[in-house]
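Treat the numbers as computed from the prediction; the structure is a model and nothing was measured.
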Amino acid sequence: MTNQPFLSERLQGFGTTIFAEMSALAERTGAVNLGQGFPDTDGPQEIAEAAQQAIRDGHNQYPPLPGILPLRQAVSEHRARFRGQHFDPDGEILITAGATEALAAALLALTGPGDEVVTFEPYYDSYAAGVALSGATRRVVSLRAPDWSFDPDELRAAFTPATRVLLLNSPHNPTGKVFTRDELQLLADLCCEHDVIAVTDEVYEHLVFDGEHIPLATLPGMAERTLTVSSAGKIFSFTGWKIGWACGPADLVSAVRTAKQFLTFVSGTPFQHAVAVGLRLDDAFFSGYTDQMRAKRDRLCNGLAAAGFDVLTPQGTYFASCDISSLGEHDGRAFCLALPERCGVVAVPTMVFYDNKDVGAHIIRFAFCKRDDVLDEAIARLATLNR
Ligand code: PMP
Ligand code: GLN
């Protein structure tokens, strides 16, 4: 028997992600799972068919390190079509094992002990782990319910001489916030003033229901210092395929590629071919998808409100939040752990994504990327809570 602790010091406290914990809870109790954000309906058949065709065509060995050229070209075309950004498929685009790998590789490549990473809390859980793995330190700025605003002075104070990276997620998981142009301008000004690199997680870029998705890289002075990250998982409802990408200036992408080659090296050849097909679908597919998810947002939010919940309607993403204070509840984690037993629904406590637990203790998150009958069943169960 060894006396060595198995988990390294850098990973202390990271245990099992809340999504895995909550999915296991849903499985164990048979509760309706509105916890982990994955769609329960697959994406377009023609994309799935393209993956099968790629396997039949023999695209089954390692792809090139930066990803197959047709996918890099399709990413480039997609960024130009929807965002007015221009990236050279040869050197400015890197295909990754989901956005998760792009973000981890970026943090490992760009930061180390003594460096600081500024991000907003609540943050997507892999951010804290990625920063910890690189040995850097996170500096969080709080987004506060109900409007998910932040204090500009708190943001300014988070930038120090040690700041190396701003890690921004918009549309934002778990709050559903879509950062405004004014907010992005302040972030851009701070990045330029402090010579900081921005890493932007835009996986929900096609899930904006109110307002507009503005990539930080499109603000003046930012293209040269921004790594733009996105993923097919959330755009096409194939979260298990894990095809993501990172775009930016060639030297920045090259640094990320150096780290990435020792994480997975490469992955998902046939899926890369299929995602290239998906990114070239016509505009009607993308707008139709947004409309479909907006309808689900409205279905869940209206249902939750009718069931007596204090709903914080999101502008984007797959997630709606509720403030449970009005139910007389103040500990979101305890509330979510008890919810399957109380009424057969799984939600995620937003407080686990805060360093300052008090700020988010009363907020919980529901995923609405589910079939309408599943949403209706969850709402009906949640309505029984106070009876
Ligand atoms: N960033 C955010 C904000 C997410 O919600 C997720 C989960 N989809 C990811 C990154 C990870 O994306 P992927 O599955 O492509 O690794
Ligand atoms: N992005 C998904 C969510 O926020 C979860 C992905 C995961 O389980 N890591 O719910």
Side-chain angles (χ1 to χ4, degrees), residues 37 66-67 71-72 74-76 78-80 82-83 85-89 91-111 117-120 123-131 133-134 138 164-173 178-179 184 187-188 191 196-208 213-219 222-236 238-239 241-261 263-264 266-268 272 275 278-279 316-317:
L71 178 54
R72 283 181 280 130
V75 169
S76 177
H78 172 270
R79 295 302 313 173
F82 289 102
R83 314 289 166 222
Q85 291 174 284
H86 296 284
F87 297 105
D88 185 346
E92 296 185 334
I93 294 175
L94 175 67
I95 307 305
T96 56
T100 307
E101 188 193 37
L103 298 169
L107 290 166
L108 289 166
L110 304 173
T111 70
V117 176
V118 173
T119 198
F120 289 95
Y123 48 73
Y124 183 55
D125 64 348
S126 82
Y127 297 6
V131 172
L133 283 171
S134 81
R138 65 180 181 271
R164 181 124 167 94
V165 165
L166 165 73
L167 181 47
L168 176 70
N169 175 213
S170 182
H172 183 266
N173 177 10
V178 177
F179 282 72
L184 295 171
L187 289 164
C191 286
V196 161
I197 301 161
V199 176
T200 63
D201 176 348
E202 306 184 13
V203 301
Y204 298 102
E205 60 178 303
H206 284 289
L207 291 169
V208 174
H213 173 60
I214 306 169
L216 184 62
T218 61
L219 272 70
M222 290 307 291
E224 66 209 57
R225 59 173 70 249
T226 302
L227 187 78
T228 302
V229 173
S230 194
S231 165
K234 301 293 154 80
I235 300 179
F236 299 115
F238 286 116
T239 58
W241 288 12
K242 299 295 285 191
I243 301 294
W245 47 90
C247 312
D251 47 357
L252 182 52
V253 169
S254 164
V256 177
R257 192 173 58 229
T258 298
K260 182 258 187 304
Q261 66 189 333
L263 294 174
T264 58
V266 291
S267 58
Q272 292 195 18
V275 171
L279 286 170
T317 75

In Å and rounded to the nearest 0.5 Å, what is the [atom1] to [atom2] distance from [X] to [Y]?
| X | Y | atom1 | atom2 | answer |
| --- | --- | --- | --- | --- |
| Glu202 | Ile214 | CD | CD1 | 10.5 Å |
| Ser231 | Phe236 | OG | CZ | 10.0 Å |
| Leu133 | Leu108 | CG | CG | 6.0 Å |
| Leu216 | Met222 | CG | CE | 4.0 Å |
| Leu71 | Ile93 | CG | CD1 | 8.5 Å |

Keeping the roles fixed (side chain from [X], backbone from [Y]), state whether a donor-acceptor pair exists under 3.5 Å.
| X | Y | value |
| --- | --- | --- |
| Arg225 | Val196 | yes |
| Ser76 | Phe87 | yes |
| Arg138 | Thr119 | no |
| Asp125 | Tyr127 | no |

**Request:** List for me each residue that meets salt bridge (Lys or Arg N to Asp or Glu O under 4.0 Å) alongside Lys234, sequence neighbours excluded, and say none if there are none.
**Result:**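 Once residues adjacent in sequence are excluded, Lys234 has no partner under the salt bridge (Lys or Arg N to Asp or Glu O under 4.0 Å) criterion.
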**Asked** What residues, two or more places apart in sequence or in another chain, satisfy salt bridge (Lys or Arg N to Asp or Glu O under 4.0 Å) together with Arg164?
**Response**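 So Arg164 forms no salt bridge (Lys or Arg N to Asp or Glu O under 4.0 Å) with any residue.
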Please set out all donor-acceptor pairs under 3.5 angstrom arising from side-chain atoms of residues 244-256, sequence neighbours excluded.
none

**Request:** Go through the structure and list residues passing ring-ring contact (aromatic ring centres under 6.0 Å, His included) with His78, not counting sequence neighbours.
**Result:**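 Scan of His78 (ring-ring contact (aromatic ring centres under 6.0 Å, His included), adjacent residues dropped) gives Phe82, His206, Phe286.
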Check [X] against [Y] and note the closest heavy-atom contact, atom names and distance.
| X | Y | result |
| --- | --- | --- |
| Arg72 | Pro89 | NH1-O, 2.8 Å |
| Ala106 | Leu227 | CB-CD2, 3.7 Å |
| Ala217 | Gln85 | CB-NE2, 3.4 Å |
| Gly316 | Val178 | N-CG2, 4.0 Å |
| Ser267 | Gln272 | O-NE2, 2.9 Å |
| His213 | Ser170 | CE1-O, 3.2 Å |

**Item:** Given Leu103, Leu168, Thr228, Asn173, the one that forms side chain to side chain contact (heavy atoms under 4.5 Å, CB included) with Asp201
**Value:**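 The option that passes is Leu103.
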**Asked** How are the rings of Phe120 and Phe179 set to each other: parallel, tilted or perpendicular (split at 30° and 60°)?
**Response**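 Judged by the thresholds at 30° and 60°, the geometry between Phe120 and Phe179 is tilted.
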**Asked** Which side chain to side chain donor-acceptor pair (under 3.5 Å) pairs, counting each pair once, include a residue from residues 92-104, with sequence neighbours left out?
**Response**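 Listed once each, the pairs are Thr100-Lys242, Glu101-Lys260, Glu101-Thr264.
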**Listed partners of Thr111 passing side-chain hydrogen bond (donor to acceptor under 3.5 Å, both in side chains), at least two apart** =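 Per chain and number, Thr111 pairs via side-chain hydrogen bond (donor to acceptor under 3.5 Å, both in side chains) with Ser134.
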**Message:** Using side chain to side chain contact (heavy atoms under 4.5 Å, CB included), reason through Ile95 and Val275 one step at a time and then give a plain yes or no.
**Reply:** CA-CA 11 Å; Ile95 307 305; Val275 171; over 6 Å; no
**Request:** Starting from the C-alpha separation in whole Å, work towards a yes-or-no answer on side chain to side chain contact (heavy atoms under 4.5 Å, CB included) for Leu187 and Leu219.
**Result:** CA-CA 10 Å; Leu187 289 164; Leu219 272 70; over 6 Å; no
**Item:** Beyond-backbone contact of Val117 with Val199, side-chain heavy atoms, under 4.5 angstrom
**Value:**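 Sidechains of Val199 and Val117: no contact.
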**Request:** Under the side chain to side chain contact (heavy atoms under 4.5 Å, CB included) rule, what do His172 and Thr317 come out as? Steps first, then yes or no, please.
**Result:** CA-CA 7 Å; His172 183 266; Thr317 75; 5.6 Å; no
**Side-chain ion pair, Arg83 and Glu205, N-O less than 4.0 Å** =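 Glu205 and Arg83: salt-bridged.
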